[in-house]
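Taking it in order: structure first as structure tokens, then the write-up.
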Amino acid sequence: TPWWTRTPQPAAPLTLAPGLQPAAIDELREGGLGAWEQGELRGRAPARDPIAVRLWTEQRWDVIPGAETNEAFAERVARGFERVLRRTGPDATAVLVVHGGVIAELCRQLTDSRPFAFLNADNASITRVVVLADGRRLLRGFNDTAHLGG
């Protein structure tokens, strides 16, 4: 299922809240996996496909034929996050409904960690980022699923 049909569904209840202004931020779409779009990675990784092994060992998306480079993905996510910050303004809260690769990349940028350190966030988990008045950005929480119960 394409990213643009999967993210609006969980975001739909938020659009009913008064004062929210939903917007699609194209730069925050999931990373492009080239020949492995549409969930191909989920099947190849457990089977220890040689390219999947390289992917995890080298922590580079572009070992997949036609995939977006780490650098291009990082730049796009950073650009999208800046766009959200401009739209939101100071002393306000934004809610992003994004895929795991985007969460992982944003967390990587915030913590200056290795490329795949934050991959595999649970579906419907909450990650919290705080932007301070002086511009510093803090990762306050990652992969919180307490709201999901059981």
Side-chain angles (χ1 to χ4, degrees), residues 1-42 44-45 52 55-56 58-150:
T1 307
W3 70 270
W4 60 88
T5 61
R6 289 187 292 146
T7 51
Q9 184 179 9
L14 297 172
T15 65
L16 303 175
L20 287 184
Q21 300 171 347
I25 307 295
D26 188 57
E27 294 93 344
L28 297 178
R29 70 187 180 280
E30 185 62 297
L33 295 182
W36 286 16
E37 291 289 344
Q38 307 302 319
E40 187 81 13
L41 179 57
R42 278 185 230 109
R44 289 179 180 248
L55 171 81
W56 292 108
E58 296 177 27
Q59 297 191 25
R60 294 203 54 84
W61 295 113
D62 58 358
V63 300
I64 299 170
E68 190 170 18
T69 66
N70 287 27
E71 295 78 14
F73 184 50
E75 191 277 327
R76 177 166 60 77
V77 168
R79 196 172 62 244
F81 189 62
E82 291 301 322
R83 186 172 165 196
V84 168
L85 295 179
R86 283 192 308 277
R87 288 180 67 121
T88 305
D91 299 319
T93 300
V95 176
L96 305 178
V97 178
V98 295
H99 292 280
V102 174
I103 295 167
E105 178 54 33
L106 184 56
C107 291
R108 184 204 65 77
Q109 290 178 21
L110 293 167
T111 63
D112 197 27
S113 64
R114 62 185 173 75
F116 287 9
F118 290 94
L119 275 181
N120 298 316
D122 291 315
N123 288 341
S125 66
I126 296 173
T127 295
R128 291 177 179 84
V129 175
V130 175
V131 180
L132 302 175
D134 65 5
R136 285 180 297 149
R137 291 135 193 230
L138 306 174
L139 179 60
R140 287 284 182 178
F142 170 72
N143 200 40
D144 180 354
T145 59
H147 62 286
L148 299 175

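Sequence positions, counted from 1, serve as the residue numbers for this chain.
Residues that satisfy the ring pair (Phe, Tyr, Trp, His ring centres under 6.0 Å) test with Phe142, not counting sequence neighbours, are Phe118.
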Report task. Could you check Thr93 against Thr88 for side-chain contact (heavy atoms from CB on, under 4.5 Å), going step by step and ending with a plain yes or no? Result -> CA-CA 7 Å; Thr93 300; Thr88 305; 6.0 Å; no
Requested in this report: Report the C-alpha distance between Asn143 and Ser125 in whole Å, list the side-chain angles of each, state the deciding distance to 0.1 Å, and finish with yes or no for side chain to side chain donor-acceptor pair (under 3.5 Å).
Outcome: CA-CA 5 Å; Asn143 200 40; Ser125 66; 3.2 Å; yes
Query raised in the report: Between Asn70 and Phe73, is a side-chain contact (heavy atoms from CB on, under 4.5 Å) present by the stated rule, with each step listed?
Result: CA-CA 5 Å; Asn70 287 27; Phe73 184 50; 5.8 Å; no
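Using a 4.5 Å heavy-atom cutoff, the side chains of Trp61 and Phe116 are in contact. Between Arg108 and Arg114, the closest side-chain pair of non-hydrogen atoms is not below 4.5 Å. Residues Phe81 and Ile25 fail the side-chain proximity criterion, which asks for heavy atoms closer than 4.5 Å. Counting heavy atoms from C-beta on, the side chains of Thr127 and Leu139 come closer than 4.5 Å. Side chains of Leu138 and Leu132 form a contact here, defined as non-hydrogen atoms less than 4.5 Å apart. Considering only heavy atoms from C-beta on, Glu30 comes within 4.5 Å of Val102 through its side chain.
Side chain of Arg87 to main chain of Val84: no donor-acceptor pair is present (N/O by atom type, distance under 3.5 Å, no hydrogens or angles). Formation of a donor-acceptor pair under 3.5 Å by the Glu37 side chain with backbone atoms of Leu33 is found in this model. Although no hydrogens or angles enter the test, the distance criterion places no donor-acceptor pair under 3.5 Å between the side chain of Asp122 and the main chain of Thr145.
Put simply, the residue from Glu105, Glu27, Glu68 that forms a salt bridge (charged side-chain N to carboxylate O under 4.0 Å, His left out) with Arg76 is Glu68.
Atom CG of Asp134 is surrounded by more than 12 heavy atoms from other residues, nucleotides or ligands within 6.0 Å.
The nearest pair of heavy atoms linking Arg60 to Leu55 is O-CD1, 3.1 Å. Between Val77 and Leu28, the shortest heavy-atom contact is O-CD2, 3.7 Å.
The pair Glu82-Arg79 fails the salt-bridge criterion, with no side-chain N (NZ, NE, NH1 or NH2) lying under 4.0 Å from an Asp/Glu carboxylate O.
Rounding to the nearest 0.5 angstrom, the gap separating the CG atom in Leu148 from the CD1 atom in Ile126 is 7.5 Å.
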